[in-house]
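Notes follow once the structure below has been shown.
Chain A is the first sequence line, chain B the second, and so forth, proteins listed ahead of strands; every chain is numbered from 1.
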Number of protein chains: 2
Amino acid sequence: MSEKRRQRLPRQVREQQIIDAAVRVFSQRGYHAAVVDEISELAGISKPMVYLYLGSKEGLFVACVRREGERLVTAFREAAVTGGTPEERLWAGLTAFFRFVTEHRDSWVVLHRQAAELGEPITAELALMRRSVSAEVAALLRDGIALRADSGLGDHDAEFATHALVGAADALTDWLAQHPGETPESVTLRMMNMIWVGMRDVLNGNTWTPPATTDGPPGRASAPDDEAG
Amino acid sequence: MSEKRRQRLPRQVREQQIIDAAVRVFSQRGYHAAVVDEISELAGISKPMVYLYLGSKEGLFVACVRREGERLVTAFREAAVTGGTPEERLWAGLTAFFRFVTEHRDSWVVLHRQAAELGEPITAELALMRRSVSAEVAALLRDGIALRADSGLGDHDAEFATHALVGAADALTDWLAQHPGETPESVTLRMMNMIWVGMRDVLNGNTWTPPATTDGPPGRASAPDDEAG
DNA sequence: CAGTAGACTTACCGAAGAGTAAGATTACGG
DNA sequence: CCGTAATCTTACTCTTCGGTAAGTCTACTG
């Protein structure tokens, strides 16, 4: 047994290894079911090291969220800053997002399915990340709206669309994972068709109108639904 | 102190009271952070009663999910079965959904933010509920698509749209909660405008095309983005 | 080759909380 | 008014797990 002693590594390196392990375990088990002993073991280290470096289980989780969140935001932002119309940039950002969650499933799970539960500091960190992405998207939508000053839409509408968009993208990560034939690009294309095309119509004044609240027949207003373009 | 003794009630009634209390506590604290003692106290009863009637903490949670889930599905279905076009029925169902989550916040939180974590029996129950709602929506979208046999779209597309729609609705419950000016109807109207209008366009062959992958200028295809309607 | 700082471990503590044993209390049919 | 079945409680047990005390070991510096 030559390697009874584990190699000593500088703190900076060990910390990352611990976070690596934590992301995997948290992702697989969830925050509460995850046990610190398992994380330390997977990191090839003993438990007190985790507490020495990360302070507490909560601190460890926050570190995971922060690191993975930054990676995700960076991926989105770097794709979406390339010049072009808001439309093109949204396309690029969404594609990058779907690619990220495909390639880093664990990271995404940690950032994702852990909203309720979890004490204040953790939810704060998660909310921060979410807001960060949403802010990017919202800016793009605002730009898109601003190109048509006559649309009558405003920041409130952009904010609504952002939530819908982010929520849809969120849910579609599962769909993507379960359909091997689909790619980040194909999913993004579908989304753009569903949502952006609709928005463009609305910007053009081509809106949907609810049926008469009493009973009457469909009350479609200015909807040229009749023939294909 | 006259009422030292608590009134005795038949099992059927107490069970519902226990579930009432559990929904509130689970909703507020989350599954793991919730403590059975608190639930029993809120139900005006001692802890062993909970175990006698519901078996375990997990069984208690499953009972909550089942009851509240059925309420939600019923609300949606009853609104959406009224005759009319798929469009109208989707409108009615979504409105009922948003109304439900507005009026039963606790129920929704229990059904919602508890995906990862939680052992197999619980996730199974949650998945069942979600699938139940999705199936309703998917049927409506398929009907909508079927009205245009020439669109080239199929069940796969309906399924995609369902996930996007459900995910968006999901995320918009938060948005609705934070904007007192909005109502279930107004949110539904916004959604229909964003998504259904877009889908209608796609059905008409008016699709969105991604920019050229290399670098070239925007490669919009058949997108009459030029002037307002 | 000290000596020190930082990496690392073993072995433990204590609290929290799920679940239960054992029985007390009350309603009610006969 | 008695038995019995159901409701309900007090007072535990037992495990799990976050966190720590008290060092040991090794690499590097002078």
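Remark on the helix from C:dC1-D:dG30 to C:dG30-D:dC1: inter-end axis angle 0°, axes from five-pair C1' superpositions, rounded to 10°.
With sequence neighbours excluded, the residues forming a side-chain hydrogen bond (donor to acceptor under 3.5 Å, both in side chains) with A:Arg71 are A:Glu68, listed by chain and number. With sequence neighbours left out, the ring-ring contact (aromatic ring centres under 6.0 Å, His included) criterion links B:Phe97 to B:Trp108. With sequence neighbours excluded, the residues that form a side-chain contact (heavy atoms from CB on, under 4.5 Å) with A:Ala138 are A:Arg142, A:Thr162.
Rounded to whole Å, the distance from CZ on B:Phe26 to P on C:dG17 is 13 Å. Computed from coordinates, the A:Ile45 CD1 to C:dG6 P distance equals 16 Å when rounded to whole Å. Straight-line distance from the CD1 atom of A:Ile18 to the C1' atom of C:dA7: 11 Å, rounded to whole Å. For the pair B:Met49 CE and C:dG19 P, the computed distance is 17 Å after rounding to whole Å. Rounded to whole angstrom, the span from the CG atom of B:Leu52 across to the P atom of D:dT10 amounts to 16 Å. Atom CD of B:Gln17 and atom P of D:dT7 are 13 Å apart (whole Å). Straight-line distance from the CZ atom of B:Arg8 to the P atom of C:dA27: 7 Å, rounded to whole Å. Between B:Leu60 atom CG and C:dG17 atom C1' there is a gap of 15 Å when expressed in whole angstrom units.
Identified under the salt bridge (charged side-chain N to carboxylate O under 4.0 Å, His left out) test for residues 163-176 of chain A, with sequence neighbours left out: A:Arg113-A:Asp174, A:Arg130-A:Asp170.
Here B:Leu176 contributes atom CG and B:Arg190 contributes atom CZ; the two are 11.0 Å apart, rounded to the nearest 0.5 Å.
In terms of modelled atom types and a separation under 3.5 Å, the side chain of A:Ser132 and the main chain of A:Leu128 share no donor-acceptor contact.
Using a 4.0 Å cut-off, no side-chain N or O of B:Arg14 falls inside it from OP1 or OP2 of D:dA6.
Judged by distance alone with a 3.5 Å cut-off, no donor-acceptor contact links the side chain of B:Arg11 to the base of D:dT7.
Closest approach to the A:Ser46 side chain among C:dT9, C:dC8, C:dT26 is made by C:dT9 (side chain taken as heavy atoms from C-beta onward).
Heavy-atom minimum distance, B:Ala164 versus A:Ala168: O-CB, 3.6 Å.
A heavy-atom distance below 4.5 Å is not found between the side chains of B:Phe26 and B:Asp106.
Counting only N and O atoms by type, the side chains of B:Gln178 and A:His163 include no donor and acceptor under 3.5 Å apart.
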Pick out the pairs of N or O atoms, protein on one side and nucleotides 16-20 of chain D on the other, that lie under 3.5 Å.
from	atom 1	to	atom 2	distance (Å)
D:dG18	OP1	A:Ala34	O	3.4
D:dG18	OP1	A:Lys57	NZ	2.9
D:dG18	OP2	A:Val36	N	3.2
D:dG18	N7	A:Lys47	NZ	3.3
D:dG19	OP2	A:Tyr51	OH	3.3
D:dG19	OP2	A:Lys57	N	2.9
D:dG19	N7	A:Lys47	NZ	3.0
D:dG19	O6	A:Lys47	NZ	2.8

